[in-house]
Amino acid sequence: MTTASDKDRVWIFDTTLRDGEQSPGATMTHDEKLEIAGLLDDMGVDIIEAGFPIASEGDFRAVSEIAERSKNSVICGLARANFKDIDRCAEAVRHAAQPRIHTFIGTSELHRAIPNLTMDEMADKIHETVTHARNLVDNVQWSPMDATRTEWDYLCRVVEIAIKAGASTINIPDTVGYTAPAESADLIKRLIETVPGADEVIFATHCHNDLGMATANSLAAVAGGARQIECTINGLGERAGNTALEEVVMALKVRNDIMPWHTKIDTQKIMHISRRVATVAGFPVQYNKAIVGKNAFAHESGIHQDGMLKNKETFEIMRPEDVGLSGTALPLGKHSGRAALRDKLDQLGFEIGDNQLKDLFVRFKDLADRKKEVFDDDIIALMRAGEDADDHLQLVSMKVVCGTGGQAESILEMEVDGADVSAVENGDGPVDATFKAIRKIYPNSARLQLYQVHAVTEGTDAQATVSVRLEEDGIITTGESADTDTVVASARAYINALNRLIIRRGKMGEGADAREISYKDLA
């Protein structure tokens, strides 16, 4: 349990599995959640918000199993301000060595109107629910949702109530990414100075990135006295995302001269977990993303390259090795063996079993026969391509014939739950024809929200990575695949997204999705 005596320690609260997973299209399978939780625990994350147990049976099972498996981290579940949510959350985290209940309610004028509660009624509910949670576990966190837009006097009042009711962590969320750094620091500082008992609890900050200031606001809050940062891997989260774990952790490490606080994160594990989260969530990391983007340690300008050759510190403020990069991009070729491939995977932070290596080696050799050189990013793309969401639908073979005027014919064969099915369709170009053939084999009403192609490496033989986002009846899923043939990559990405859609349909049958839960049960 955290204590207020750790003045120079910043506790890292990761909500990738809860707030991050609520991003449209970012839903993870049960096994993927367990894997990510294990990586978070291993890298030194202090508190893992494992999910929203009341949301569905799937969420409850995931939180429960993560709680049982965790070795080091506090395991936290989210609960709205009612006894049913809190009881369910307590049941989910009860097997954790260090369980925590995180309960919240919207306190701003806008959010009070949703459950139609007066200030006094909400204050009473906060007292009742925090007290109830504290009677179930020793470690309770409370959040006034939309705190940065809550009236100052009322915010002080409800924070004091939560502290007196037994909350040991008070989280101050910038729920809609509205605040700015100076305000963020001042708000935390004033609360600590004003609210009775504030010096006996940990204050936390939870910032969203709607105005691109989540990292700055979080670090400013620490300067103001907060000692817990809520964040996600790759900045995943609702709308524009949350504070990125890798950004705040590396900022504190690199600029410890002006921000004299520390975390216990093993930063050399950052790149690996970033890639895993990007893969399982289906959210590619933008190339110029700080710390973990493909270009974060790339230098193309002649002046920059000359400076790097003479002294790396001229244009790099941290070493690639500090975040888990090998610092090299040495290519493999068709004559490379399994030992070389395994060594490269180790350098890139991937741990795979012998059977998985055997399968990957076959695909690596196939790619090497089509490319002169296979680079690091090609290997990463192969790993992603081999991790389909499920095997309900599989591509068996395809042939595309393109004519003049942009018209194309796609001849497609797929395996649907073990049965071979084929179709022939025409379309406005090869990708359109292929997608129509897939829909003919597996009829669906999913709407294509995003189709994106980018080259993994340079050259005409480069692999193309294709991302596809589908939406059907409010369910959003993302698929990704890579191949030297863009149309093949497109087909596999589309099929991958459909497989995830099938999974989500099954999950929705287990209980309400977290994003569909409203305030109707609060009153």
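The structure displayed is predicted, hence computed values, not measured ones. These values consider heavy atoms only, across backbone and side chains, with no hydrogens, waters or symmetry-generated copies.
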Q: Answer whether the closest heavy-atom distance between the side chains of Phe52 and Asp85 falls below 4.5 Å.
A: yes
Q. Do Ile47 and Thr169 pass the side chain to side chain contact (heavy atoms under 4.5 Å, CB included) test, and can you show the C-alpha distance, the side-chain angles, and the key distance before you say yes or no?
A. CA-CA 12 Å; Ile47 306 103; Thr169 300; over 6 Å; no
Q: Using distance alone, with no hydrogens and no angle criterion, decide if Ser467 and Gln452 have a side-chain donor and acceptor under 3.5 Å apart.
A: no
Q | Residue pair Thr232 / Glu246: nearest heavy atoms and the distance that separates them | A | O-OE1, 4.1 Å
Q | Non-neighbouring partners of Glu68 that pass salt bridge (Lys or Arg N to Asp or Glu O under 4.0 Å), sequence neighbours left out | A | none
Q.
Suppose we screen for ring pair (Phe, Tyr, Trp, His ring centres under 6.0 Å). Which residues come up paired with Phe435, at least two apart in sequence or across chains?
A. Tyr451, Tyr494
Q: Report the C-alpha separation of Ile54 and Lys84 in whole Å, then their side-chain angles, then the decisive distance to 0.1 Å, and conclude whether the side chain to side chain contact (heavy atoms under 4.5 Å, CB included) test is met.
A: CA-CA 8 Å; Ile54 198 70; Lys84 183 179 179 181; 4.2 Å; yes
Q.
Determine whether a donor-acceptor pair (N or O, by modelled atom type, separation under 3.5 Å) exists between the side chain of Glu21 and the backbone of Met28.
A. yes
Q. Would you call Asp59-Arg18 a salt bridge at under 4.0 Å N-O?
A. no
Q) With distance as the sole criterion, is a donor-acceptor pair present between the side chains of Asp14 and Thr16 under 3.5 Å? A) yes
Q: Can you measure from CG (Leu393) to CG (Leu498) and round to the nearest 0.5 angstrom?
A: 6.0 Å
Q | Heavy-atom closest pair, residues Leu395 and Leu412 | A | CD1-CD1, 3.5 Å
Q: Output all residues satisfying salt bridge (Lys or Arg N to Asp or Glu O under 4.0 Å) with Asp46, sequence neighbours left out; order by chain, then residue number.
A: Arg9
Q) Can you name the nearest heavy-atom pair linking Arg500 to Thr478, along with the distance? A) CD-O, 2.9 Å
Q: Return the minimal non-hydrogen interatomic distance between Ala67 and Ala92, and the atom names on each side.
A: CB-O, 3.8 Å
(Q) Holding to side chain to side chain contact (heavy atoms under 4.5 Å, CB included), I want the full list of residues that pass it with Ala446, two or more places apart in sequence or in another chain. (A) Asn444, Leu470, Glu472, Leu501
Q | Glu65/Arg61 salt bridge by N-O under 4.0 Å criterion | A | no
**Q.** Contact check, side chains of Asn242 and His206, non-hydrogen atoms, under 4.5 Å
**A.** yes
Q | Qualifying salt bridge (charged side-chain N to carboxylate O under 4.0 Å, His left out) pairs with a residue from residues 424-444, counting only residues at least two apart or across chains | A | Glu425-Lys440, Asp432-Lys436
Q. Mind checking whether Val396 and Gln394 have side chains closer than 4.5 Å, heavy atoms only?
A. no
Q | From Phe283 atom CZ to Asn234 atom CG, the distance as rounded to the nearest 0.5 Å | A | 11.0 Å
Q: Decide yes or no for Val248 and Thr215: does some side-chain heavy atom of the first lie under 4.5 Å from some side-chain heavy atom of the second?
A: yes
Q. Do Glu57 and Arg88 meet the salt-bridge criterion of a basic N to acidic O distance under 4.0 Å?
A. yes
Q: Could you grab the distance from atom CG of Leu245 to atom OG of Ser218, nearest 0.5 Å is fine?
A: 10.5 Å
Q.
For the backbone of Gly237 and the side chain of Ser23, can you confirm whether one donor and one acceptor N or O come within less than 3.5 Å of each other?
A. yes
Q: Not counting sequence neighbours, which residues clear side chain to side chain donor-acceptor pair (under 3.5 Å) with Thr129? List them please.
A: none
Q. Do the side chain of Asp42 and the main chain of Gly38 share a donor and acceptor less than 3.5 angstrom apart?
A. no
(Q) Side chains of Ser490 and Val468, heavy atoms from C-beta outward: is any pair under 4.5 Å? (A) no
Q) Counting only N and O atoms by type, is there a donor-acceptor contact under 3.5 Å from the side chain of Ser274 to the main-chain atoms of Ile270? A) no
Q. After noting the C-alpha distance and the side-chain angles of Val292 and Met271, does the key distance pass the side chain to side chain contact (heavy atoms under 4.5 Å, CB included) rule?
A. CA-CA 6 Å; Val292 294; Met271 189 58 70; 4.3 Å; yes
Q: For Asp146 and Thr175, test the side chains for any donor-to-acceptor distance below 3.5 angstrom and give the result as yes or no.
A: no
Q.
Would you say that more than 12 heavy atoms from the other residues, nucleotides or ligands in this model lie under 6.0 Å from the OH of Tyr178, or not?
A. no
Q) Within a strict 4.5 Å, meaning less than it, do heavy atoms of the Thr148 and Leu187 side chains meet? A) yes
Q) Does the pair Lys365/Asp369 count as a salt bridge with the N-to-O cut at 4.0 Å? A) no
Q: Answer yes if the side chains of Tyr287 and His454 hold a donor-acceptor pair under 3.5 Å, and no otherwise.
A: yes
Q: Side-chain contact test, heavy atoms from C-beta onward, threshold under 4.5 Å: evaluate it for Gln141 versus Glu230 and give yes or no.
A: yes
Q.
Once side chain to side chain contact (heavy atoms under 4.5 Å, CB included) is applied, do any residues pair with Lys399, and if so which ones, sequence neighbours excluded?
A. Val401, Ile411
(Q) I want to check something: taking the side chain as every heavy atom from C-beta on, are Leu40 and Ile233 in contact at a cut-off of under 4.5 Å? (A) yes
Q: Apply side chain to side chain contact (heavy atoms under 4.5 Å, CB included) to Cys89 and list each qualifying residue two or more places apart in sequence or on a separate chain.
A: Pro53, Ala79, Ile101
Q) Can you tell me how far CG of Asp41 sits from CD1 of Ile66, rounded to the nearest 0.5 angstrom? A) 10.0 Å
Q) Quick one: CD on Glu109 to NE2 on His111, what's the gap to the nearest 0.5 Å? A) 11.5 Å
Q) Who pairs with His30 by ring pair (Phe, Tyr, Trp, His ring centres under 6.0 Å), at least two apart in sequence or on another chain? A) none
Q | Test salt bridge (Lys or Arg N to Asp or Glu O under 4.0 Å) applied to Arg469 - qualifying residues, sequence neighbours left out | A | none
Q: Indicate the atoms forming the closest heavy-atom contact of Gly293 with Val285, along with that distance.
A: CA-CG1, 4.1 Å
Q | Check ion pair Glu247-Lys289 (N to O, under 4.0 angstrom) | A | yes
**Q.** OH-CG distance between Tyr442 and Asp417, expressed to the nearest 0.5 angstrom
**A.** 8.0 Å
Q: For Glu409, check salt bridge (Lys or Arg N to Asp or Glu O under 4.0 Å) against everything at least two apart and list the hits.
A: none
Q | side chain to side chain contact (heavy atoms under 4.5 Å, CB included) between Thr279 and Arg276, worked out | A | CA-CA 5 Å; Thr279 298; Arg276 289 301 299 145; 3.9 Å; yes
Q. If you take all heavy atoms of Cys207 and Ala214, which pair is closest and at what distance?
A. CB-O, 3.7 Å
Q: Can you sort out the partners of Asp485 under side chain to side chain contact (heavy atoms under 4.5 Å, CB included), two or more places apart, ordered by chain and number?
A: Asp483, Val487, Val488
Q: Look at the side chain of Asp174 and the backbone N and O of Asn217, then say whether any donor-acceptor pair between them is shorter than 3.5 Å.
A: no
Q. Any donor-acceptor pair under 3.5 Å linking the side chain of Thr15 with the backbone of Asp19?
A. yes
